[in-house]
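To start, the structure itself, in structure tokens.
Below, all heavy atoms of this structure are taken into account, side chains as well, without hydrogens, waters or symmetry copies. Note on naming: letters A, B, ... go to the chains in the order of the sequence lines (proteins, then strands), and numbering restarts at 1 for each one.
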Number of protein chains: 2
Amino acid sequence: MNAKKVVERQTGVALWRQIADLIRLSISNGDYDQTGMIPPEIVLASQFGVNRHTVRSALAALAEEGLVQAIQGRGTLIQRKERLSFPISRRTRFAQGLGDQARETEAKLLAQATLAAAGEVAAGLGIAPGTDCIMLDLMRSADGRPVSCSTNFFPADRFPHMAEQVERLGSITKAFAAEGLPDYVRVSTELVARHADADELALLRLSPGAIVIEATAVNADPDGVPVQFARTRFAADRVKLKIET
Amino acid sequence: MNAKKVVERQTGVALWRQIADLIRLSISNGDYDQTGMIPPEIVLASQFGVNRHTVRSALAALAEEGLVQAIQGRGTLIQRKERLSFPISRRTRFAQGLGDQARETEAKLLAQATLAAAGEVAAGLGIAPGTDCIMLDLMRSADGRPVSCSTNFFPADRFPHMAEQVERLGSITKAFAAEGLPDYVRVSTELVARHADADELALLRLSPGAIVIEATAVNADPDGVPVQFARTRFAADRVKLKIET
DNA sequence: TATAGTTGTCTATAATAATAGACATTTCGG
DNA sequence: CCGAAATGTCTATTATTATAGACAACTATA
């Protein structure tokens, strides 16, 4: 594991950010579990072939995230190493999925609107373009740390009060139940990864320049009729998606 | 869809790269399908709130990828818009999965070694640490474009000739068959997204600074005995992972 | 054949990122 | 209690990134 790690210049991604990403990965891989500490700045600088100040920028970013804490004279301690493991299965439920990984999970309603379904949304929900649907923007946190934000669409005729239910119950599963749908299953999920835009940075309180995983999913009732079209953006450095087949 | 798109400064990711990412996403979302062209540089610059030269850097990167082509006097044409859709299911097979999305798929053996299983690998394969396993580094391409690179581990006692078989047959599925295992299933898959390191940039011929999705998977024979531990890095801007449950 | 609307190229300047070196400060072990 | 080994801070310099403006070159169309 002492192989020289490599970073690239002139890539549009600053060296300190590439290094921060790699160190974060090493932490979550358990590479430093023996000591519970990051190697000294000088050592890292030589491993990555950069100046010590560049490494310091990377460590400052990780400290900002609360991942490490530098102590003068001693070294840089690892504070947290977990990535939440988020299961994706036929019955994907946010709160249940995280299970005992977090003491407390929360879904907060950021925005709502009723609008005409179009393009991808109409196709996903299997309704005619122009049909009314309810849009809800949600932010999900575990133990106070934002994990994902999502934009959700529901057919307005079938679930007229989704917004109020979600607001009141803090859960889509519970809102569906209150609207008379006790069970639903995931019928498709597509994943894409990209850099976060400014909205997502702010919402998810990401260290700027971070990566999001965008999951586009359709949920259906037991008869196979689509009930939800969702686009969820996960903070890529906080979650690991675990696919259950 | 004409909402002002947002990019962040001082993030460690250059503006032109963030913009290139967003434009690439818009292309693959079909936002510009009506015209088949990217909006004029001036328009993009105002949408993103940056200088025209910054947009030009982003477009130059996309042109380098072969995604767009600028024509003086006319505009910037979209050359390709596809992301390969890569299915992840109980029976994940590279070539079959891509199906008719590519005329030709290839698996190239980059490196091989026999070494003692340790840590994650031993745990994944369910063997005692120290037991010999065969490691194969593969690069997979579709129609000549690299799609993923992977590091694979197999128990050495059960599949002693995997390296030769894969080299000869150009496929893990066929190599397993030749070694007497006609069928196998995916038992676990974990996904993480991060910036590509220099090795991955070179291997996958990525535009530098790009994102990779790292899938860590275990395959098992029909009896549930693990036969393969694989860590696959996908070029995030070339694939969409489709989860089939 | 003008002309509006594009992309291409050049120069100049400012802001940010990276390197380099020196030295202060703190912790910990001998 | 000294000294080695860390992190913290400061100054200076260079390279890269971003902005700004002007104008050339090309395309399509009225």
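- Atom pair B/R56:CZ and D/dA20:P shows a separation of 17 Å (rounding to whole Å applied).
- One can place NE2 of B/H53 at 11 Å from P of D/dA22, the figure rounded to the nearest angstrom.
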Check the pair A/Q228 / A/N152 against side-chain hydrogen bond (donor to acceptor under 3.5 Å, both in side chains), numbers first and verdict last.
-> CA-CA 7 Å; A/Q228 177 187 14; A/N152 301 269; 2.9 Å; yes

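- Put simply, the side chain of B/L136 reaches to within 4.5 Å of the side chain of B/I134, judged on heavy atoms.
- As a whole-Å value, the separation of A/L44 CG from D/dA6 P is 11 Å.
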Using a cut-off of under 3.5 Å, enumerate the N/O to N/O pairs linking the protein to nucleotides 27-30 of chain D.
| from | atom 1 | to | atom 2 | distance (Å) |
| --- | --- | --- | --- | --- |
| D/dA28 | OP1 | B/R74 | NE | 3.2 |

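- Between A/S57 and C/dA18, a side-chain N or O to OP1/OP2 separation shorter than 4.0 Å is absent.
- Atoms CD1 (A/I42) and C1' (C/dA22) sit 13 Å apart, rounded to a whole Å.
- Within 4.0 Å of A/T76, counting heavy atoms only, lie sugar-phosphate atoms of the nucleic acid but no base atom.
- Every residue two or more places apart in sequence or in another chain that forms a side chain to side chain contact (heavy atoms under 4.5 Å, CB included) with B/L115 is listed here: B/A113, B/C133, B/M135, B/F153.
- Here D/dT17 presents its C1' atom at 14 Å from CH2 of A/W16, a figure rounded to the nearest Å.
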Could you give me the CA-CA distance, side-chain angles and deciding distance for B/R140 and B/T232, then say whether side-chain hydrogen bond (donor to acceptor under 3.5 Å, both in side chains) is met?
-> CA-CA 10 Å; B/R140 292 194 160 102; B/T232 305; 5.2 Å; no

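- In summary, the side chains of A/R231 and A/T216 do present a donor paired with an acceptor at a separation below 3.5 Å, with no hydrogens or angles considered.
- When all heavy atoms of B/G124 and B/F229 are compared, the closest pair comes out as CA-CD1, 4.0 Å.
- The side chain of A/R52 has D/dT7 as its nearest neighbour among D/dT7, C/dT9, D/dA18.
- Salt-bridge formation is not detected for the pair B/D21/A/R194: no Lys NZ or Arg NE/NH1/NH2 atom is positioned less than 4.0 Å from an Asp or Glu carboxylate oxygen.
- Note: CD (A/E41) to C1' (C/dA18) measures 15 Å, nearest angstrom.
- Between the CD1 atom of B/I38 and the C1' atom of C/dG8 there is a distance of 17 Å, given to the nearest Å.
- Between A/L15 atom CG and C/dA20 atom P there is a gap of 12 Å when expressed in whole angstrom units.
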